[in-house]
Amino acid sequence: MRKLIYFLIRHSSWLLYTLYAVVSLLLLVKYNPYQQSVYLSSANRLAGSIYAVKGNVTGYFGLQEINRDLQEQNGVLEVKLAALRDYIARLEGDSLLLRRPADSIYADYRFVVAQVINNSVAASHNYITLNKGLRDGIHSEMGVVDQNGIVGIVNAVSDNYAVVISLLNPKLRLSCKVKGSSYFGSLVWDGKDARYALLEEMPRHVAFAKGDTIVTSGYSAVFPEGVMVGIISDFSKQRNDNFYALKVELSTDFYRLNDVRVIESKGQQEKTRLEKEAMLNE
């Protein structure tokens, strides 16, 4: 307390000057319309700038929640759309199906929205970490997509996290085809550019051109048929002249991954188990 008193006595002249200055400014603003308008205008401008910065910051973080909500809504709509397309195709093939319920495999897909918390794109073998795990219903060999296309396949899972083999990993080979064609090849990343992958073993007689769309073939328990992968940007003959290698510009931007959807069909685990048993018995 004594030190505080000594401090006030020592700086009394400055404190008194500051007090007089503040009082003078208040009186000047209060009793002079021009100075009052200048003060109010400056105060409003400063407050507006502060609120604008605050709004931008809160708006940015709010976008993540909005994006997750949109991912969930898009997932529901995609499942419904796929089921509707399948139902229409069945009706066109058999009018008797009007009296039978639709039995779409797409309607059986479920999904979990997860956030990417770690992602590599520059390594030779890239992996992605998600903030969801066993407690959220995620297990190994579930497919991962975002709003643009294929992301990868779940490789390892703990209670709260999952590690995904990225499409940018040579260990991952994905069965894909040119949209509208029944012929398929194997999509693999060549380790060069995160924007491109190669669709190998495409027969020469298959009709395709630059700009054509590449989608999943459906010959896998992981992804349904028709999921967007990318577009053909170039092609070349492989060592065997009977096949082409298509350079595919990936639809997924791996540099900007944020929220993804982990998908699974209800019969996926059973199908995967049977395929593994068949391979072991060979």
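Both backbone and side-chain heavy atoms feed into the values below; hydrogens, waters and symmetry mates do not. One is the number of the first residue; the rest follow in order along the sequence. Predicted model, so just to flag it, every value in this text is computed and none were measured.
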Using side chain to side chain contact (heavy atoms under 4.5 Å, CB included) as the criterion, list what pairs up with F184, not counting sequence neighbours. S175, K177, S217, Y219

State, yes or no, whether a side-chain contact exists between E249 and K210 at a heavy-atom distance under 4.5 Å. no

Among residues at least two apart in sequence or on other chains, which ones pass side chain to side chain contact (heavy atoms under 4.5 Å, CB included) with L257? V116, N119, I128, D146, V151, T252, F254, V260

Check whether any side-chain N or O of D136 sits under 3.5 Å from a backbone N or O of I138 as a donor-acceptor pair, and report yes or no. no

Got a sec, which residues hit side chain to side chain contact (heavy atoms under 4.5 Å, CB included) with I165, two or more places apart in sequence or on another chain? Y127, N155, N169, L172

Working note: N126 + S120, criterion side chain to side chain donor-acceptor pair (under 3.5 Å); need CA distance, chi angles, decisive distance, verdict. CA-CA 5 Å; N126 294 290; S120 63; 3.1 Å; yes

Could you tell me which residues satisfy side chain to side chain contact (heavy atoms under 4.5 Å, CB included) with D253, sequence neighbours excluded, listed by chain and number? Y255, R256

Less than 4.5 Å apart, side chain to side chain, heavy atoms only: is that true for L246 and Y244? yes

Donor-acceptor pair, distance only, cut-off 3.5 Å: does the side chain of T216 make one with the backbone of P224? yes

Just how far is it from atom CG of D234 to atom CG of L198, taken to the nearest 0.5 Å? 10.0 Å

Run the side chain to side chain contact (heavy atoms under 4.5 Å, CB included) test on E200 and V188 for me, step by step, so that the C-alpha distance in whole Å, both residues' side-chain angles and the decisive distance to 0.1 Å come before the verdict. CA-CA 8 Å; E200 300 177 337; V188 63; 3.8 Å; yes

S186: partners by side chain to side chain donor-acceptor pair (under 3.5 Å), with sequence neighbours left out: R173

Could you tell me the separation between the CZ atom of R195 and the OG atom of S251, rounded to the nearest 0.5 Å? 14.0 Å

Applying side chain to side chain donor-acceptor pair (under 3.5 Å), name anything that partners T129, two or more places apart in sequence or on another chain. none

Is there a chain of hydrophobic side chains (I, L, V, M, F, W, Y, each step under 4.5 Å between heavy atoms) that links V157 to M142? yes

Would I214 and V222 show up in the same hydrophobic cluster when neighbours are defined by side-chain heavy atoms closer than 4.5 Å? yes

Sole candidate of V145, V113, I153, V154 that passes side-chain contact (heavy atoms from CB on, under 4.5 Å) when paired with V262: V154

Side chain to side chain, K132 and Q115, heavy atoms closer than 4.5 Å: no

So, using side chain to side chain donor-acceptor pair (under 3.5 Å) as the criterion, who are the partners of N118 when residues are at least two apart? none

Sequence-distant partners of D212, salt bridge (charged side-chain N to carboxylate O under 4.0 Å, His left out), two or more places apart: none

Please step through side chain to side chain contact (heavy atoms under 4.5 Å, CB included) for the pair L168 and L250, ending with a clear verdict. CA-CA 10 Å; L168 305 181; L250 300 174; 3.9 Å; yes

Would you say V227 ends up clustered with I232 if hydrophobic residues are merged whenever their side chains have heavy atoms under 4.5 Å apart, either directly or through other cluster members? yes

I want to check something: taking the side chain as every heavy atom from C-beta on, are N160 and N131 in contact at a cut-off of under 4.5 Å? no

Here the gap from L167 atom CG to I150 atom CD1, rounded to the nearest 0.5 Å, amounts to 7.5 Å

Should side-chain heavy atoms under 4.5 Å link Ile, Leu, Val, Met, Phe, Trp and Tyr, which residues sit in the same cluster as V215? none

Suppose clustering is done on Ile, Leu, Val, Met, Phe, Trp and Tyr with side-chain heavy atoms closer than 4.5 Å. Which residues sit in the same group as I231? M228

For residues 187-206, which residue pairs qualify under ring pair (Phe, Tyr, Trp, His ring centres under 6.0 Å), counting only residues two or more places apart or in two chains? Y183-H205

At what distance, to the nearest 0.5 angstrom, does CG of L199 lie from NZ of K247? 14.0 Å

Qualifying residues under side chain to side chain donor-acceptor pair (under 3.5 Å), relative to S166, sequence neighbours excluded: none

Locate the shortest heavy-atom distance separating C176 from V229; write the atom from each residue and the value. SG-CG2, 3.9 Å

Cluster overlap I117 with L130, hydrophobic side-chain contacts below 4.5 Å: no

